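Scroll down for the structure; my scribbles are underneath it.
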Amino acid sequence: MATVLDPAGAPAAGERRPSRRTGSTPPGRRRHLPPLLAISPFYVLFAVFGAFPVVFSMYLSFQDWDGIGDMRFVGLRQYGWLVRDSVFWHAVLNTFEIWFLSTVPMLFLALVLAFLLHSQVRFAGAYRVAYFIPNVTSMVAMTIVFGSVFAQAGLANAVLRAVGLDGIGWLSSEWGIKSSVSLMIIWRWVGYNALIFLAGLQAIPTEHFEAARVDGANSRQTLFRVVVPQLRPVILFAAITSTINGLQIFTESQVLFQSTDVGTTGGPGQEGMTIVLYLWQKAFKEHQFGYGAAMGWLLFAIIAVFTIINWRLVSGSDDDRRPGITALLRRKGARDGR
């Protein structure tokens, strides 16, 4: 039946206006197909190189496999062997000690640097670039450089002898090895975390700094009583990421002692042996892939526990840090009112 239109072009009474949908607009769910296809490469790559390795490593941790032959199911025996492995627990202890020697001073130095950069200093942009360069520099190349610096006749001992001190066995003694690796980690990450802290500092209202200045606070009091309480979320982020990175130390120990059995022992007395270095040794040098997978999942559990501990220690409600700031602002307002 033909549609009768009135002179103004509207349909007659009781008639419906014809649909203007064209064949170019896909109906229903088909209209979502183009954007889904556009983002699908990410999910395909993640499934192949992310999700599948995680699931397969969990399955592999229950198998005895050399990477070529048939797999043999051993259940939880891999984890039982791991618990009784003295070298593994020595590597765990080394990792914790290196993590503590590097993470605590690194976060403190990063906070101080960020506070100084937040002040009105000249060439602040150049300083920011300089602090970030170590994070994007090849760690393998820099470990080789640090190896020559910490050698027995290297630059570090030359400086110590120049000021009348005895040289240190940086790469031959227990704490010398741990200190060398820790210094490399600090050098690499202090600038990165300083920029993270600087971003948090720039989000703090300027009146808080003015209130502290009016109240007579010096730089140290401003840092610890005004800045640190308000940077708690940023400090939490830096602490968690530093914990994750610090418990996965590999390149520093592997390259620094590469002359010792291609870097598989962690130096004299295995004092530079870390969890990931031991995992790499078992999986890729001795071809015990199931054992290495079990070690990786135990490392995941350790990192998860330490992340929760950091979260509980550093995080807190806003009410924990507001009273001091509120008091400063009130005193500043009272002075301004006078």
Side-chain angles (χ1 to χ4, degrees), residues 98-139 141-143 145-146 149 155-156 159 179-246 249 251-252 310-311 313-316 318 320-322 324-329 331-332:
I98 294 172
W99 169 79
F100 182 80
L101 290 173
S102 60
T103 302
V104 175
M106 180 261 295
L107 292 178
F108 177 77
L109 288 174
L111 184 60
V112 173
L113 287 175
F115 186 69
L116 294 176
L117 285 176
H118 188 63
S119 306
Q120 298 300 323
V121 296
R122 300 179 61 184
F123 311 114
Y127 286 126
R128 296 174 190 179
V129 173
Y131 290 147
F132 193 72
I133 285 177
N135 189 252
V136 297
T137 304
S138 170
M139 199 59 219
M142 293 314 304
T143 302
V145 173
F146 271 95
V149 170
L155 179 62
V159 172
S179 299
S180 302
V181 177
S182 300
L183 287 172
M184 285 189 287
I185 296 171
I186 292 173
W187 178 86
R188 182 181 184 185
W189 291 104
V190 66
Y192 170 84
N193 285 286
L195 295 182
I196 297 295
F197 289 146
L198 179 61
L201 280 171
Q202 292 174 342
I204 299 177
T206 56
E207 56 264 24
H208 293 182
F209 294 99
E210 295 172 359
R213 192 179 304 112
V214 169
D215 205 51
N218 55 32
S219 298
R220 183 182 62 83
Q221 292 170 329
T222 302
L223 175 62
F224 289 103
R225 296 187 180 183
V226 177
V227 172
V228 172
Q230 297 189 80
L231 278 185
R232 185 173 292 174
V234 181
I235 294 174
L236 175 63
F237 170 80
I240 290 177
T241 54
S242 299
T243 298
I244 294 173
N245 293 326
I249 304 166
T251 305
E252 292 84 352
N310 281 330
W311 183 282
L313 290 177
V314 180
S315 66
D318 291 340
D320 295 337
R321 59 179 182 268
R322 286 192 184 278
I325 305 301
T326 303
L328 284 175
L329 294 175
R331 286 196 289 268
K332 179 178 181 295

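The structure presented is a predicted model; accordingly, all values stated were derived computationally and were not measured.
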Quick one: list whatever passes ring-ring contact (aromatic ring centres under 6.0 Å, His included) with Phe146, sequence neighbours left out. Phe150, Trp187
Hey, are the side chains of Phe115 and Thr222 touching, using non-hydrogen atoms and a 4.5 Å cut-off? yes
Reported OH-to-CG distance for the pair Tyr127 and Leu113, which is rounded to 0.5 angstrom: 11.0 Å
To the nearest 0.5 Å, how far apart are CG in Asn135 and CD1 in Ile133? 11.0 Å
How far does CD1 of Ile185 sit from CD1 of Ile98, to the nearest 0.5 angstrom? 6.5 Å
Taking only residues two or more places apart in sequence or in another chain, which ones pass side chain to side chain contact (heavy atoms under 4.5 Å, CB included) with Ser138? Val140, Ala141
Checking Ile240 now: which residues fulfil side chain to side chain contact (heavy atoms under 4.5 Å, CB included) with it, not counting sequence neighbours? Leu236, Ile244, Thr307, Asn310, Trp311
CA sep, side-chain torsions, deciding dist, call: Leu231, Leu111, side chain to side chain contact (heavy atoms under 4.5 Å, CB included): CA-CA 10 Å; Leu231 278 185; Leu111 184 60; 3.8 Å; yes
Partner residues of Leu109 under the side chain to side chain contact (heavy atoms under 4.5 Å, CB included) criterion, sequence neighbours left out: Ile186, Val190
Within the 4.5 Å heavy-atom criterion, are Gln230 and His208 side-chain neighbours or not? yes
Is a side-chain N or O of Gln221 found less than 3.5 angstrom from the main chain of Asn218, in a donor-acceptor match? yes
Heavy-atom check, side chain of Ile196 versus side chain of Thr241, under 4.5 Å: no
CD on Glu252 to CE on Met139, rounded to 0.5 Å: 4.5 Å
Just to verify, what does Tyr192 make a ring-ring contact (aromatic ring centres under 6.0 Å, His included) with, not counting sequence neighbours? Trp189
Qualifying side-chain hydrogen bond (donor to acceptor under 3.5 Å, both in side chains) pairs, either residue in residues 99-117, two or more places apart: Trp99-Thr103
I want to check something: taking the side chain as every heavy atom from C-beta on, are Leu117 and Tyr131 in contact at a cut-off of under 4.5 Å? yes
Nearest-0.5 Å distance, CZ of residue Arg188 to CE of residue Met142: 11.0 Å
Are any non-hydrogen side-chain atoms of Leu201 and Val227 less than 4.5 angstrom apart? yes
